There are 4 protein chains.
Amino acid sequence: MAGLRGPKATDTPTVERSPRTERGRKTRRTLLDAAAVEFGERGFHDSSIVGITQRAGVALGSFYTYFESKEALFRALVADMSARVGDVGAAAAGGIDDVLEREQAVTSAFIAFATEHKELYRIIDEAEFVDPATWRAHYENAAGRIAARLRTGAGNNQVRSDVGEVEAWALMGMNVFLGLRFGVWGGDVGPEEIGRRVAALLREGLAR
Amino acid sequence: MAGLRGPKATDTPTVERSPRTERGRKTRRTLLDAAAVEFGERGFHDSSIVGITQRAGVALGSFYTYFESKEALFRALVADMSARVGDVGAAAAGGIDDVLEREQAVTSAFIAFATEHKELYRIIDEAEFVDPATWRAHYENAAGRIAARLRTGAGNNQVRSDVGEVEAWALMGMNVFLGLRFGVWGGDVGPEEIGRRVAALLREGLAR
Amino acid sequence: MAGLRGPKATDTPTVERSPRTERGRKTRRTLLDAAAVEFGERGFHDSSIVGITQRAGVALGSFYTYFESKEALFRALVADMSARVGDVGAAAAGGIDDVLEREQAVTSAFIAFATEHKELYRIIDEAEFVDPATWRAHYENAAGRIAARLRTGAGNNQVRSDVGEVEAWALMGMNVFLGLRFGVWGGDVGPEEIGRRVAALLREGLAR
Amino acid sequence: MAGLRGPKATDTPTVERSPRTERGRKTRRTLLDAAAVEFGERGFHDSSIVGITQRAGVALGSFYTYFESKEALFRALVADMSARVGDVGAAAAGGIDDVLEREQAVTSAFIAFATEHKELYRIIDEAEFVDPATWRAHYENAAGRIAARLRTGAGNNQVRSDVGEVEAWALMGMNVFLGLRFGVWGGDVGPEEIGRRVAALLREGLAR
DNA sequence: AATGAATGAGTGTTCATTCAT
DNA sequence: TATGAATGAACACTCATTCAT
């Protein structure tokens, strides 16, 4: 990422900055949580390290004991969020055999998660600009997981045999936008209802 | 938006600084085009006015003859993109009576447009952070147009009578993500095929 | 040079920052002079850009209109000083045929120059740490010029035929240290007298 | 020296923090050696306490058990180097009665020492900026020792009676620059040969 | 309209030093 | 003595914006 301010970077090899004591682990966690709030509220560029450390009740300099840079912190947060979203989906899907029921459960769970974590979108979305590679990987992985779930169904003769990557991306797009509209922004339609409607769409389309 | 730099910001409401002469109109256009490229390549924050004016072959100071601020320029670009996307949809939909055929045409047209304008997403997506109100309005409008199109169909008894906002957002999500995956990123599936598959999904769902 | 503070450097290619207007040229000169004083008084690391611009009566940001970095400014200054020392020597040597008379003139002129420009040593000496390549080149060039002058004499049978690089460096060392002791630090022995004594040493050694 | 960072600096006069145990003495030595390498490689300002303690395999905090500050450590190193250079000269001069033979021996020994200790110059030279008083004292002492040696010769009628401080500084300058050029930088002329040539210069000058 | 020099608030990062354990 | 987490002052550098010409 270009355009950062300040003088040259040193050649010093990047040393792992993992805390060695329990106290250290706690401080690192505090910083991560404060950062999630700050980034969620103000976005990456309008967030500042001072702001984050003040929120965390930690000295400015302590930040660099735990993270290499503002970007590195952001990346850590994106990875965290990405993994949590994946977990939510996996948990919701677990143990359901019917493809469409399964997707209904995943959609509902995801909407619920977005409702609870309004900062999710601000962080994942901004990764497009701050850490494009990770951002792209996030969606490719998610689409891959959806495709895999659908394929399981295809093997079982539950969905049309030509269902593939296009449908996976379509389904992901639905979930993401419904999560934005009815999760993050809020509204009168709840996660359950959204799940049901997506499932209906997948089951029979929109046609009368 | 916080975090702006530089001398006092005026509170004067943004009046379009419209050029009076032909030469002026040309300069303004040059700047807009340069900005689209710069923002598309580097994002809002890593783009600079100097960069844009250099690309445009215009003196730094001249920028402020045409735009009130960096943000104002960005807003102009977002509005432009947003309108063009709307136009593309309207043009594609025009004159088609069958709901699903119509959506198929819109999807194909949109994917084709995204393929041609890779900077589209970088600009619309970043509006979430630079100009959230406009960004939200962009999607609300788009969803509204989709809902209206579907409703036309509902009135005609072509789609289920309970199809509403949820389905509109779902459809918009599909289009957006398919445009990203198969338009911007590129791939072996063309706009026509994508349109056909979305239409199939809308027509009969995924179930066998 | 490692260890500078601040974020990453941009990839932006180094554009020449030469002033295009007369006003600009004047500002650049003001900055250079202020820098010579600041670096001379406090050394490179304890000098600050704010300090330099304040001395120059110029805004902080203006600095970067003329110099790429603190280091670049320092390099410019070293080059300037180095060239001036060379000029002083050349001017003093010009037109004198006798080798030893010539060196006497150079030594006197150099001591006088050092007396007038106390910041000379602080700047050249610190280049060893800030810009080692230039620093080394400075001395290699100076030694080369001395060797050339002596060789002229050797060709004329004025000095021993085995006089070479070793003697050039020895002579340079004398001049530098005498310039420090009797020029910069000051004292009761003037440039003329120093020149005479060095010439005496070169003419007949120290032996009785 | 200005520009120090970190929490309040004590004004307590520098008391040597001498280790009480054998283990402590060893740690202190390790730190000194690591510092000589680090300062030699990177210079004072680009060296860091973390870097030094890491090289030494010692915890950061332990540093302050042995040295009051980064500067105090540097001063200790300068003093050490300065003393060693003096010892080398004294050892080389010991027992030689003839003035010029004696200086020849000193020069050769010094060049050899510089060849072996490339960090010598980086440390002494940087003292000009970090600890100017010590730096000046170092050269004044060295010049004083040379003057004393020459005076012994003058008393013995071996050198001209007017030989004094100027000649001492001239000789010191030769040695220092020859040590840099042929010792630290290296080259094809060895210490012995350098000594011989300096002696020749002192004995009869350069004139044919 | 055009030019480009001038302005200065803002911020990421470094690192010597302190201190609780 | 040893450890390593915590502290915060200091500073180089960026760039949107203004303004004299």
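In what follows, every chain begins at residue 1, and chains take the letters A, B, ... in the order their sequences are listed. Since this is a predicted model, take the numbers as computed values, not measurements. Only this structure's heavy atoms are used, side chains among them; waters, hydrogens and symmetry mates stay out.
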Interatomic distance where [atom1] belongs to [X] and [atom2] belongs to [N] [whole Å]:
X       : N      : atom1 : atom2 : answer
A/Glu71 : E/dT11 : CD    : P     : 17 Å
B/Phe67 : F/dC15 : CZ    : P     : 20 Å
A/Phe74 : E/dG12 : CZ    : C1'   : 16 Å
C/Arg23 : E/dT3  : CZ    : P     : 17 Å
B/His45 : E/dT11 : NE2   : C1'   : 13 Å
A/Asp46 : E/dA9  : CG    : C1'   : 15 Å
B/Glu38 : F/dA16 : CD    : P     : 10 Å
B/Lys70 : F/dT18 : NZ    : C1'   : 17 Å

With sequence neighbours excluded, residues passing ring pair (Phe, Tyr, Trp, His ring centres under 6.0 Å) with [X]:
X       : result
C/Phe74 : C/Phe39, C/Phe44
A/Tyr66 : none
B/Phe63 : B/Phe67

### Query
Can you list every salt bridge (Lys or Arg N to Asp or Glu O under 4.0 Å) pair that touches residues 24-34 of chain A, not counting sequence neighbours?
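The answer is A/Glu22-A/Arg25, A/Arg29-A/Asp33.
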### Query
Does the pair D/Thr27 and D/Val58 meet the rule for a side chain to side chain contact (heavy atoms under 4.5 Å, CB included), with working shown?
CA-CA 8 Å; D/Thr27 309; D/Val58 156; 3.9 Å; yes
### Message
What does the 5'-to-3' dot-bracket notation of DNA chain E look like when only Watson-Crick and G-U wobble pairs under 3.5 Å count, and pairs to other strands show as |?
### Response
.||||||||||||||||||||
Holding to side chain to side chain contact (heavy atoms under 4.5 Å, CB included), I want the full list of residues that pass it with [X], two or more places apart in sequence or in another chain.
X        : result
D/Arg55  : D/Ala34, D/Val37, D/Glu38, D/Glu41, D/Arg42
D/Glu128 : C/Tyr121, C/Arg122, C/Asp125, D/Trp135
C/Thr30  : C/Ala56

### Task
For DNA chain E, determine which residues of residues 47-66 of chain C have any heavy atom closer than 4.0 angstrom to one of its atoms, and list them numerically.
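Nucleic-acid contacts, sorted: C/Val58, C/Ala59, C/Leu60, C/Gly61, C/Ser62, C/Tyr66.
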### Candidate pair C/Glu126 and D/Glu126, rule side chain to side chain contact (heavy atoms under 4.5 Å, CB included), full reasoning
CA-CA 8 Å; C/Glu126 198 151 26; D/Glu126 198 150 27; 5.7 Å; no
#### Entry: Residue closer to the 5' end of DNA chain E, B/Thr27 versus A/Ser69 (nearest nucleotide)
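By nearest-heavy-atom nucleotide position, the 5'-most residue is B/Thr27.
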### Query
Mapping C/Thr21 and B/Glu22 onto DNA chain E by nearest heavy atom, which one lands closer to the 5' end?
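The residue mapped nearer the 5' terminus is B/Glu22.
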